[in-house]
Engineer: 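I am attaching a structure below and will ask some questions about it afterwards.
Computed from heavy atoms alone, side chains included, the values below leave out hydrogens, waters and symmetry copies.
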Amino acid sequence: MRLTNKLKAAFKAALLFTTLFFFNNSLYAEFTYEGDSLIGEKALKKLDEMGNELYQKTGVSTVIVAKSHLTKEEFLEVKNRYLKTLKNPYVLWIFSKSYMDRTNVGINQMFSSADVKDKFDEDSLFSPWGGTFTKVLTVHKSKSDPTAAAFLNGYGDLTDMIAESYGIKLDSSIGNETKTTINVARILFYVVTLFFFIYYIKVKYFNKEKK
């Protein structure tokens, strides 16, 4: 009887250890999202699909933290918490629409393990002129919050670049269709801006000549 009880206790302990081990090692294993309601359920589902496939095919885990506001202390807490827990290879993306006490100034930072740093180009994501993430924020003119669309495009580009560096293609990739649409919108935006600038200069010069 005592032997049976000891075996049961040992089995329960082994089961608990196994559960905790796999839980801790899978908590941030694939795609993790932490944030406010900046990214809708539909977009988040697509991000999860791309992130999980990327992990399954490359082993690269990704985390997105998207907040409406972060203080300096909150940012450091989030950053340190994930960097202490994540296993290589990983990419951690922290975004906040406003940061500290600054008005209209946010934060947008990406951290990655050394073995994945050269597998993607941050400029492709965050360049103010052509970044797949930032250009959506600057070109988007609808009344809805463009953050979800920006993450959908930016994260899609990120996962595509990492997958390509491993010589694979993601079935869940959003491809170049959305990127092309954004590029066209960006070009139209600049053309319209240039047109009104030229028109303004022309009218001002014409009025001077008329006087």
Engineer: In terms of relative ring orientation, are Phe151 and Trp93 parallel, tilted or perpendicular, with 30° and 60° separating the classes?
Structural biologist: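 Tilted.
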
Engineer: Within the side chain of Ser96, is there an N or O that forms a donor-acceptor pair under 3.5 Å with the backbone of Leu70?
Structural biologist: yes

Engineer: To check you understand the geometry: which heavy-atom pair defines the closest contact between Gly51 and Phe31, and what is its length?
Structural biologist: CA-CB, 3.8 Å

Engineer: With a 4.5 Å limit on heavy-atom distance, are the side chains of Leu158 and Phe133 in contact?
Structural biologist: no

Engineer: Grab the two heavy atoms, one from Asp157 and one from Ser124, that are nearest each other, plus how far apart they are.
Structural biologist: OD2-OG, 2.8 Å

Engineer: Could you pull out the closest heavy-atom pair between Thr134 and Ser127, with the gap in Å?
Structural biologist: OG1-O, 2.6 Å

Engineer: A side-chain contact here means heavy atoms from C-beta on lying under 4.5 Å apart; do Phe95 and Thr147 qualify?
Structural biologist: yes

Engineer: Using a strict threshold of under 4.0 Å (side-chain N to carboxylate O), is an ion pair present between Lys57 and Asp171?
Structural biologist: yes

Engineer: For the atom pair OG1 (Thr62) and CG (Leu47), what is the distance rounded to the nearest 0.5 Å?
Structural biologist: 9.0 Å

Engineer: Who passes ring pair (Phe, Tyr, Trp, His ring centres under 6.0 Å) against Tyr90, sequence neighbours left out?
Structural biologist: none

Engineer: Mind checking the CG-OG spacing from Leu86 to Ser112? Nearest 0.5 Å is all I need.
Structural biologist: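 Answer for the CG-OG pair, Leu86 versus Ser112, is 11.0 Å.
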
Engineer: Would you indicate whether the side-chain heavy atoms of Val63 and Tyr33 approach each other to under 4.5 Å?
Structural biologist: no

Engineer: Just to verify, what does Tyr99 make a ring pair (Phe, Tyr, Trp, His ring centres under 6.0 Å) with, not counting sequence neighbours?
Structural biologist: Phe75

Engineer: Applying side chain to side chain contact (heavy atoms under 4.5 Å, CB included), name anything that partners Ser172, two or more places apart in sequence or on another chain.
Structural biologist: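 Here the qualifying residues are Lys46, Glu49, Met50, Glu53, Leu170.
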
Engineer: Say you draw a straight line from NZ of Lys97 to CG of Leu38; how long is it, rounded to the nearest 0.5 Å?
Structural biologist: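 Going from the NZ atom of Lys97 to the CG atom of Leu38 covers 6.0 Å.
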
Engineer: What's the separation between atom NZ in Lys87 and atom OG in Ser61, rounded to the nearest 0.5 Å?
Structural biologist: 10.5 Å

Engineer: Give a yes-or-no answer on whether the side chains of Thr132 and Tyr155 include a donor-acceptor pair shorter than 3.5 Å.
Structural biologist: no

Engineer: So how far is it from Thr159 OG1 to Phe120 CZ, rounded to the nearest 0.5 Å?
Structural biologist: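 It comes to 12.0 Å.
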
Engineer: Identify the heavy atoms of Gly154 and Leu125 that sit nearest to each other, and give their distance.
Structural biologist: O-CD2, 3.2 Å

Engineer: Could you note down all residue pairs passing salt bridge (Lys or Arg N to Asp or Glu O under 4.0 Å) where residues 69-79 supplies at least one of them, sequence neighbours left out?
Structural biologist: Glu77-Arg81

Engineer: Give, for atom CD1 of Ile174 and atom CG of Asn153, the distance between the pair rounded to the nearest 0.5 Å.
Structural biologist: 4.5 Å

Engineer: At their closest point, which heavy atom of Leu152 faces which heavy atom of Ala43, and how far apart are they?
Structural biologist: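 Nearest pair, atom of Leu152 first, then Ala43: CD1-O, 4.1 Å.
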
Engineer: Do Asn52 and Asp48 get their side chains close enough for a donor-acceptor pair, meaning under 3.5 Å?
Structural biologist: yes

Engineer: Is there a side-chain contact between Thr32 and Ile64 (heavy atoms, below 4.5 Å)?
Structural biologist: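 The answer is no; the side chains never approach within 4.5 Å.
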
Engineer: What residue pairs, at least two apart or across chains, pass salt bridge (Lys or Arg N to Asp or Glu O under 4.0 Å) with a residue in residues 110-125?
Structural biologist: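 As it turns out, there is no salt bridge (Lys or Arg N to Asp or Glu O under 4.0 Å) pair with a partner in residues 110-125 once direct neighbours are skipped.
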
Engineer: Going by the rule side chain to side chain donor-acceptor pair (under 3.5 Å), which residues pair with Asn88 if we only count those two or more places apart in sequence or in a different chain?
Structural biologist: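 If we apply the side chain to side chain donor-acceptor pair (under 3.5 Å) test to Asn88, skipping adjacent residues, there are no hits.
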
